[in-house]
Amino acid sequence: MPTAQRVTNTAVGVVLVLVFLAPVYWMINVSLQSSAALLRTPPAWFPADPTWSGYAEAVRTQGDNLLTSLVIALGTVVFTLLLSAPAAYALARFRLRGTLALVLVVLLVQMVPGIVMANSLYPVFSQLGLLDSYVGMILADSTLTVPFAVLILRTFMSGVPKELIEAGYVDGAGQWRTFGSVVVPVCRNALITAGLFSFLFAWADFLFAVSFTTGNTLQPITVGIYRFVGNQTTNWNGVMATAVLASIPAAILLLTAQRYVAAGITGGGVKD
Amino acid sequence: MTTASTEPTASGPLSTRGRRRGGGGRERLVRWSFVLPVVVFLLLFFCYPIVRNLMMSFQEWTVASFYEAGSPFVGLDNYVDVVTDPVFGTAVLNTVLFTVGSLLFQFVLGLGLAAFFQRHFPLSGVLRGLLLLPWLLPLVVSGAVFRWIYDEGFGVLNQLLLGLHLVGDPIPWLSSTDHALPAAIIANIWVGVPFNLVILYSGLQAVPTSLYEAAALDGAGPWQRFRKITLPLLRPVIAIVLMLGLIYTLKVFDLIMILTGGGPANATETLTTWSFALSFEEFDFGEGAAVGNILIAVALVFALLYLRSIRDSFRREGES
């Protein structure tokens, strides 16, 4: 390709990205303006006179909710990896009767509408006292992450060289020992990817959060934003500052693990 | 990126074939212990809810059902009530419009961007990566951002349109029954383009460039090359992206809830938001369950189509 054409392509690409990400820019722009400035027309295209008052309000009113979501998301990551990693390994390596059927089931359950789970688990959670609880939220959010993690980890784990695993057996280690001392270290990147995505799914969950919490004791950030926005006297700079804070995990994921993101998007659903 | 490949990978499950039969009962138990926790989890959190939801749809649920054991069997009453409810037709139509509108534009934009990024120019990888951001943001965040962008008086969209003299009066994007659904669809298109881009891009990567070169030598123009080479070879990937997109779009809840809550006057009510409203706002969990089951039935049809389209790759794996 001639140089001029390559430069043109890059320029077009930059413009495309700027246009496409304009809503993200607008979120940041609004978050840095005073609530009075937001009621001016035409709006300020740049935060020429930035103020942190939106962020102060975000931290004051939504700080607890951000922490709640952090705990739920971290709990979901731990629970998901503990459950999914051994299963993914077994589905990738062991020729057990029914493993292929199990993979199909895992693929299929991802398609069950969340509203069905919310609807039918609500009476159960209510009876078991799991409403407004971290345990309840972690279990519910794990329905979003476990199938995904099993599928993506299985893809990675079927790529672990057989010789490595055989070497583990030769040393006399059992299946679980081999898994812990050979497979887990080798698959570290895959586990990080699955963990990052599990964090993001749990962090972003709104349906289970709004169904299984009443806001009395425990309120995830997504529900916090929902009620914040629904408030008639909404300070939009505060809402947008909260939105920016709630976007931090996604930004971190994109910046630190970009090469895994594409694998993550497709890994759950499309595998060769 | 290997997982995104549509080619069969060489690294199938290299099972320890030799010891497969020699392991004996104890060894088999050890192996099953790897999958048992997930199997139990799937039974408790997928199988049980689906069965329970089916049962609930034949029962009458009220707020009192949670305190006394009172949810009597009422046969098909919930389904009859739901289907004869005037909201039902609206919700079905909105669901179809929302799904088809979203998928169509997500796909066309995603394919266009994927084809563009095929050119591999300086920074193309970074720029393509940045385009994934909308997919990674929590939907509640995207919804909140669009809600302010759409604001009638102070939203940037109306200010832009007015400033460019494209409209004479501000458009009530979210508060008029005519505009709310298109506005929700536009926001959802924005969210879904990256998903289409990623999968279609990896599909395009798998098309051998030699085919294009040969066609170019034969005098085929860009459009002909696209129609005669790209589209046919991309067909399996297109089928997957559309079917997964459809299943995901049917489930969309967060975005609509935060933009409009299903309103105004049910203008953006879909089967998903209606099911939620019936259960969690009107506390009629029986009718909510009935609508949920209708959703499952629709999703199941497309899930089976999806499985059929990826069946071949599984068959290969089963033989390996």
Side-chain angles (χ1 to χ4, degrees), chain A residues 6 9-10 13 17 20 23 26-27 39 41-43 83 86-87 89-90 92-96 100 108-109 111 113-117 119-121 126 143 146 155 158-159 162 175 204 206-207 211 222 225-226 229 236 239 243 246-247 250 253-254 258 261-263 265-267 269-272, chain B residues 1 3-5 8-9 11 13-15 20 30-31 34-35 37-38 41 45-46 49 52-53 56 66 119 121-123 127 129-133 136-138 140-141 144-145 148 154 156 159 195 198-199 240 244 247 251 253-254 258 272 275-276 279-280 288-289 292 295-296 299 303 313 318:
Chain A
R6 288 161 61 93
N9 279 335
T10 303
V17 168
F20 194 67
W26 202 248
M27 165 175 80
L39 302 183
T41 55
L83 220 61
Y89 175 66
R93 291 286 159 182
F94 303 158
R95 284 312 176 93
L96 290 168
L100 211 57
L108 269 178
V109 296
M111 294 159 187
I115 182 66
V116 169
M117 249 99 77
N119 196 64
S120 51
L121 287 177
S126 165
T143 63
V146 166
T155 307
S158 53
K162 187 168 66 170
Q175 295 283 10
F206 171 65
L207 175 56
S211 304
T222 48
I225 294 177
Y226 176 64
V229 167
W236 277 93
V239 174
S247 307
L253 182 71
L254 197 61
Q258 198 204 320
V261 170
I265 289 184
T266 54
V270 189
K271 202 242 139 188
D272 58 77
Chain B
M1 289 301 289
T3 50
S5 161
T9 50
S11 53
L14 304 158
S15 74
R20 170 160 54 143
V30 170
R31 289 178 177 201
F34 278 74
V35 280
V38 160
F41 182 80
F45 286 93
F46 284 100
R52 176 82 190 243
N53 203 62
M56 285 170 81
F66 290 97
R119 295 183 188 172
F121 44 85
L123 290 181
L127 294 173
L130 284 173
L131 287 182
L132 302 183
L133 191 57
L136 296 173
L137 293 179
V140 167
V141 165
V145 173
W148 182 239
F154 307 106
V156 64
Q159 293 301 320
F195 175 76
V198 167
I199 298 188
I240 286 171
L244 282 180
I247 291 160
K251 296 203 281 193
F253 171 76
D254 314 19
I258 197 140
T272 300
S275 173
F276 179 84
S279 293
F280 290 91
L295 264 178
I296 291 192
S313 74

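Convention: sequence-line order gives letters A, B, ...; per-chain numbering from 1. These numbers come from the heavy atoms of this one structure, side chains and all, not from hydrogens, waters or symmetry mates. Note that the coordinates shown come from a computational prediction; the quantities given were computed from them, not determined experimentally.
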Where does [X] contact chain A at under 4.5 Å (heavy atoms): side chain, backbone, both or neither?
X         : result
Ile247(B) : side chain
Phe45(B)  : both
Phe280(B) : side chain
Ala299(B) : side chain

Does any backbone or side-chain atom of [X] lie under 4.5 Å from a heavy atom of chain B? Answer side chain, backbone, both or neither.
X         : result
Val109(A) : both
Tyr89(A)  : side chain
Leu108(A) : side chain
Leu121(A) : side chain

Reported CG-to-CD1 distance for the pair Leu295(B) and Ile115(A), which is rounded to 0.5 angstrom: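 Answer for the CG-CD1 pair, Leu295(B) versus Ile115(A), is 8.5 Å.
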Between atom CG of Leu132(B) and atom CG of Leu127(B), what is the distance when rounded to the nearest 0.5 Å?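 Reported value, rounded in 0.5 Å steps: 11.5 Å.
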Max heavy-atom pair count under 4.5 Å with chain B, selected residue of [options]:
options                                  : result
Leu207(A), Val146(A), Ile225(A)          : Leu207(A)
Gly114(A), Pro43(A), Ser126(A)           : Pro43(A)
Ala250(A), Pro23(A), Ala204(A), Gly13(A) : Pro23(A)

Which atoms form the tightest heavy-atom contact between Gly292(B) and Val116(A), and what is the distance?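 Closest approach of Gly292(B) to Val116(A): O-CG2, 3.6 Å.
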Choice from Ile296(B), Leu131(B), Val156(B) maximising heavy atom contacts with chain A below 4.5 Å: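 Heavy-atom pair counts peak at Val156(B).
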Report the C-alpha separation of Leu253(A) and Leu136(B) in whole Å, then their side-chain angles, then the decisive distance to 0.1 Å, and conclude whether the side chain to side chain contact (heavy atoms under 4.5 Å, CB included) test is met. CA-CA 8 Å; Leu253(A) 182 71; Leu136(B) 296 173; 3.8 Å; yes
Within a strict 4.5 Å, meaning less than it, do heavy atoms of the Phe206(A) and Ile258(B) side chains meet?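 No, too far: nothing below the 4.5 Å cut-off.
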What I'd like to find out is whether the side chain of Phe154(B) reaches to under 4.5 Å of the side chain of Gln159(B), using heavy atoms alone.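 Contact flag for Phe154(B)/Gln159(B) side chains = no.
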